[in-house]
Each structure stands twice: as structure tokens, then as C-alpha cells.
Amino acid sequence: MAIIFFALSWFYGIFAFSQIIIPIIRGIPRAINKKKEVRIIQMFISIAIWSTVTYFLYEFITGKYIKHENPINIGLIISAFMILFKSFRGGADLESDIYDSYGL
């Protein structure tokens, strides 16, 4: 059961943390340089929504259904580090995704 919880939390973490970390590291500095205030507000709103959903989902699942949340914590931490390293390393696909999503 721990492997299933680890895999699900890792998969969700990859998706959620990419919506939280990448706009902070890549999108907001670029929007500030281009002086696009609407895009900055849009990014902050999406970051706040994803952070809130992730927090309440984590609290609801670990508080109500799961007694040992270590596999979930490990999966989320690994996915956060993966997204963090990917956002610093960058790449053409990451740059095109930011351009397509926010027009930056």
C-alpha cells in the first residue's frame, strides 16, 4: 500500500508543484522585466489556488484516511525537488510552455 501512496503522491506532486514552482522561478521575474502587471497577478492567483488545493487535499487525506503518511511525504518531497531542479536547468520546452501559458 505504501508504494501506491508514494506513486500517487509523486504523480500529483509533479503536476501540482510544476504549477507552483515554475511560475515563481521563471515566470514572475520575466513578467517583471517586461512590465506585465496583469500576467503577474494571473500567476499569483494560480499559485495561490494550487497551493491551497494541495494543502487542503494533503490535510484531508492524511488526517482522515491515512495513519502513516511517510510515503506520501517522500513522494511529494521528491517531486518538489525534481521540479525545482528542472526549473533551474530550464530547457526549450519549459520556455515554450511559459510563453504559451502566459504570453511572456
Side-chain angles (χ1 to χ4, degrees):
M1 200 62 162
I3 293 173
I4 293 171
F5 288 141
F6 170 78
L8 289 174
S9 66
W10 177 79
F11 181 74
Y12 178 77
I14 291 289
F15 186 72
F17 290 136
S18 68
Q19 302 297 324
I20 297 169
I21 294 174
I22 291 174
I24 291 173
I25 293 176
R26 293 286 199 160
I28 291 176
R30 185 177 295 172
I32 289 172
N33 288 340
K34 293 187 177 183
K35 296 182 177 30
K36 293 190 175 187
E37 292 84 16
V38 175
R39 301 293 182 204
I40 295 171
I41 294 169
Q42 178 185 4
M43 283 185 232
F44 276 127
I45 290 172
S46 68
I47 290 167
I49 290 171
W50 275 103
S51 298
T52 305
V53 167
T54 301
Y55 172 76
F56 283 116
L57 187 65
Y58 176 80
E59 287 296 320
F60 177 73
I61 289 175
T62 58
K64 193 166 192 169
Y65 296 109
I66 301 172
K67 305 226 182 320
H68 304 288
E69 67 266 359
N70 288 338
I72 294 174
N73 293 341
I74 292 169
L76 290 173
I77 289 169
I78 288 173
S79 62
F81 278 120
M82 287 175 65
I83 294 297
L84 191 64
F85 292 142
K86 175 66 178 171
S87 63
F88 280 126
R89 197 173 117 225
D93 60 337
L94 185 61
E95 298 296 325
S96 68
D97 288 343
I98 291 174
Y99 181 76
D100 292 340
S101 298
Y102 299 107
L104 298 175

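Since the model is a prediction, treat every value here as computed from it, not as a measurement. Counting begins at 1 with the first residue of the sequence.
In this structure, Lys34 NZ and Arg39 CZ are separated by 10.5 Å, a value rounded to the nearest 0.5 Å. Atom OG of Ser79 is separated from atom CG of Leu84 by 11.0 Å, given to the nearest 0.5 angstrom. Note that CZ of Arg26 and CE of Met43 are 12.5 Å apart. Values are rounded to the nearest 0.5 Å. Distance check, rounded to the nearest 0.5 Å: NZ of Lys36 to CD1 of Ile41 gives 14.0 Å.
One hydrophobic cluster, built from ILVMFWY side chains closer than 4.5 Å, holds both Leu8 and Met1. Ile40 and Ile45 end up in the same hydrophobic cluster when Ile, Leu, Val, Met, Phe, Trp and Tyr side chains are linked at under 4.5 Å.
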Show me the side-chain donor-acceptor pairs of residues 14-24 shorter than 3.5 Å, one per line, residues at least two apart or across chains.
| from | atom 1 | to | atom 2 | distance (Å) |
| --- | --- | --- | --- | --- |
| Ser18 | OG | Ile14 | O | 3.1 |
| Ser18 | OG | Phe15 | O | 2.7 |

Under 3.5 Å donor-acceptor pairs involving side-chain atoms of residues 55-62, not counting sequence neighbours:
| from | atom 1 | to | atom 2 | distance (Å) |
| --- | --- | --- | --- | --- |
| Tyr58 | OH | Asn73 | OD1 | 2.5 |
| Thr62 | OG1 | Tyr58 | O | 2.6 |

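Partners of Thr54 under the side-chain hydrogen bond (donor to acceptor under 3.5 Å, both in side chains) rule, at least two apart in sequence or in another chain, are Tyr12. Scanning for side-chain contact (heavy atoms from CB on, under 4.5 Å) contacts around Ile78 gives Phe6, Trp10, Ile74, Met82, with sequence neighbours left out. Residues satisfying the side-chain contact (heavy atoms from CB on, under 4.5 Å) test with Phe11, not counting sequence neighbours, are none.
In plain terms, the two heavy atoms of Pro71 and Ala2 that are nearest each other are CB-O, 3.5 Å. Residues Leu76 and Ser9 approach most closely at CD2-O, 3.5 Å, considering heavy atoms.
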Stepwise side-chain contact (heavy atoms from CB on, under 4.5 Å) test for Asn70 and Phe5 | CA-CA 9 Å; Asn70 288 338; Phe5 288 141; over 6 Å; no
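Within the structure, salt bridge (charged side-chain N to carboxylate O under 4.0 Å, His left out) contacts touching residues 73-87 (residues at least two apart or in different chains) are Lys86-Asp93.
Through ILVMFWY side-chain contacts below 4.5 Å, Ile3 is grouped with nothing and stands alone.
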